[in-house]
Amino acid sequence: MYDIPLVQLGPVKAARIPGDPQGPYVIFLHGYGANAFDLLPLYSYMDVPEGTNFIFPDGILEIPIAPGYNGKAWFPIDMEALQRAMVAGGSRELFERYPAGLAEAKQKVEEMIQALDVPMDRIILGGFSQGSMLATEITLKAEKKPKGLVILSGTLLDETHWSQYAKQTPGYKFFQSHGRMDPVLGYPAAKRLETVLKDAGWVGELLAFPGGHEIPEIVLHGMNRYLRELFE
């Protein structure tokens, strides 16, 4: 556990590593069952300007993970359905649905960002797995887009509407990564997300790697290339 207290930012608690108040802000949202500290180690690997502020929010839901242990989440997931899909050798494809609880999670993270009182063009928004779905949802529907979007092992949700929103801002640059053998959120749906975004005119590539539901070193290198380009 990191010796960093959670601070209250609007309706959301977060682990915060402060930098220059006038510098960039990196906000990364963790995956289902993790917590604010799960992605925190990434800050020391990110190639961003000196003085960058890092914020790792804590999920708004508390969920049981194992006997005596709870994790956090942004919106509910039907874990039984997910387990059945994994046993069957498949993965959970969500692109036809708008998950229950996603709208509430979006609203609370947006309120957290408003509490920071930082313009969106100084914010890099990203996340892993469920956190990246939420980050994508927020970015697509934001009137003023964040400076960048990092989608780590995410998936496509609500395809029709996501496509419509993406088409409103052609040229927007994103970074996406996904394991080809991901047993939790299948690679084909990640590829479909890339296609939706690029067909809408967004600029980015899906960095596919030979692995599962994870953030390997090759992804860190690819993410840093993207971050450097944003700040050139």
Side-chain angles (χ1 to χ4, degrees), residues 1-65 69-77 99 101-154 174-175 215 219-220 223-224 226-227 230-231:
M1 179 65 68
Y2 291 86
D3 188 23
I4 298 175
L6 293 178
V7 297
Q8 194 75 41
L9 297 174
V12 178
K13 290 184 178 181
R16 184 172 188 173
I17 299 174
D20 179 354
Q22 301 304 314
Y25 280 70
V26 171
I27 302 173
F28 265 38
L29 308 172
H30 65 75
Y32 185 90
N35 60 38
F37 300 100
D38 185 60
L39 298 179
L40 189 145
L42 291 179
Y43 89 93
S44 62
Y45 294 94
M46 291 187 192
D47 192 353
V48 289
E50 186 176 353
T52 294
N53 301 265
F54 297 91
I55 295 175
F56 299 92
D58 211 30
I60 61 176
L61 302 178
E62 189 161 331
I63 55 170
I65 298 299
Y69 176 75
N70 290 335
K72 292 298 186 76
W74 296 105
F75 52 90
I77 287 180
L102 178 58
E104 180 185 1
K106 172 179 176 288
Q107 179 180 344
K108 291 195 173 181
V109 173
E110 287 173 339
E111 290 175 5
M112 182 202 76
I113 293 173
Q114 290 168 6
L116 290 172
D117 195 25
V118 175
M120 289 293 275
D121 62 5
R122 281 170 45 203
I123 293 174
I124 306 293
L125 188 59
F128 176 75
S129 191
Q130 188 186 70
S132 72
M133 301 177 210
L134 177 54
T136 305
E137 166 79 358
I138 292 170
T139 299
L140 282 165
K141 296 183 179 179
E143 185 174 338
K144 294 183 178 178
K145 297 283 187 277
K147 186 175 183 69
L149 172 65
V150 176
I151 307 168
L152 305 176
S153 296
F174 71 99
F175 174 79
I215 308 174
V219 168
L220 298 179
M223 178 178 67
N224 277 337
Y226 168 73
L227 292 173
L230 287 181
F231 291 103

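Side-chain atoms are counted along with the backbone in the values below, which use heavy atoms only and exclude waters and symmetry mates.
- To the nearest 0.5 angstrom, Ile124 atom CD1 is 10.0 Å from Ile27 atom CD1.
- Using a 4.5 Å heavy-atom threshold, the side chains of Val26 and Met46 count as touching.
- Note: Leu152 CG to Ser129 OG = 10.0 Å, rounded to the nearest 0.5 Å.
- The 12-atom threshold is exceeded at CZ of Phe231, counting heavy atoms of other residues, nucleotides or ligands nearer than 6.0 Å.
- Here the shortest heavy-atom pairing between Leu39 and Phe56 reads O-CE2, 3.3 Å.
- Among all heavy-atom pairs drawn from Gly19 and Asn53, the shortest one is N-OD1, 2.7 Å.
- Proximity of Phe37 to Leu6: side-chain heavy atoms (C-beta onward) are separated by under 4.5 Å at one or more points.
- Atom CD of Glu104 is separated from atom CZ of Phe75 by 12.0 Å, given to the nearest 0.5 angstrom.
- Looking only at side-chain heavy atoms (C-beta outward), Pro57 and Met112 come within less than 4.5 Å of each other.
- In this structure the side chain of Ile63 reaches within 4.5 angstrom of the side chain of Tyr32, judged on heavy atoms.
- Residue Asn224 holds its CG atom at 11.0 Å from OH of Tyr45, rounded to the nearest 0.5 Å.
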Full working for side chain to side chain contact (heavy atoms under 4.5 Å, CB included) between Ile4 and Leu40:
CA-CA 10 Å; Ile4 298 175; Leu40 189 145; 3.8 Å; yes
Could you give me the CA-CA distance, side-chain angles and deciding distance for Lys147 and Ile123, then say whether side chain to side chain contact (heavy atoms under 4.5 Å, CB included) is met?
CA-CA 5 Å; Lys147 186 175 183 69; Ile123 293 174; 6.0 Å; no
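- When atom types are taken as modelled, the side chain of Thr52 and the backbone of Val48 share no donor-acceptor pair closer than 3.5 angstrom.
- Listed by first then second residue, pairs satisfying salt bridge (charged side-chain N to carboxylate O under 4.0 Å, His left out) with a partner in residues 114-142 read Glu137-Lys141, not counting sequence neighbours.
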Walk me through it: do Ile65 and Asn70 pass the test side chain to side chain contact (heavy atoms under 4.5 Å, CB included)?
CA-CA 5 Å; Ile65 298 299; Asn70 290 335; 5.8 Å; no
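- Considering all non-hydrogen atoms of both residues, Ser132 and Gly127 come closest at CB-O, 3.2 Å.
- To the nearest 0.5 Å, the span separating CG on Asn35 from CG on Asp58 amounts to 6.0 Å.
- Contact of the Ile55 side chain with the Ile17 side chain is not registered, since no non-hydrogen atoms from C-beta on lie closer than 4.5 Å.
- Within the structure, salt bridge (charged side-chain N to carboxylate O under 4.0 Å, His left out) pairs that include any residue of residues 124-135 do not occur (at least two apart or interchain).
- Interatomic distance, CD1 of Ile151 versus OG1 of Thr136, reported as 3.5 Å (0.5 Å rounding).
- Side-chain contact between Met223 and Val150 is present, with at least one heavy-atom pair separated by less than 4.5 Å.
- Between the side chain of Lys145 and the main chain of Leu140, a donor-acceptor pair closer than 3.5 Å is present.
- With Glu110 as reference, Lys106 is the one residue of Gln107, Lys108, Lys106, Gln114 to meet the side-chain hydrogen bond (donor to acceptor under 3.5 Å, both in side chains) rule.
- Nearest heavy-atom pair, Ala135 versus Leu125, reported as atom, atom and distance to 0.1 Å: O-CD2, 3.7 Å.
- Put simply, the side chain of His30 does not reach to within 4.5 Å of the side chain of Phe128, judged on heavy atoms.
- Put simply, the side chain of Trp74 reaches to within 4.5 Å of the side chain of Val109, judged on heavy atoms.
- Applying the 6.0 Å contact sphere to NZ of Lys72 captures more than 12 heavy atoms from other residues, nucleotides or ligands.
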Verdict with supporting geometry, Leu9 and Val7, side chain to side chain contact (heavy atoms under 4.5 Å, CB included)
CA-CA 6 Å; Leu9 297 174; Val7 297; 4.2 Å; yes
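- Qualifying ring-ring contact (aromatic ring centres under 6.0 Å, His included) partners for Phe54, counting only residues two or more places apart in sequence or in other chains: Tyr43.
- The backbone N or O of Gly10 lies less than 3.5 Å from a partner atom in the side chain of Gln8, making a donor-acceptor pair.
- A donor-acceptor pair is defined here as one N or O able to donate and one able to accept, closer than 3.5 Å; no such pair exists between the side chain of Asp20 and the backbone of Glu50.
- Nearest heavy atom pair, residue Pro76 against residue Gly101, reads CD-CA, 4.2 Å.
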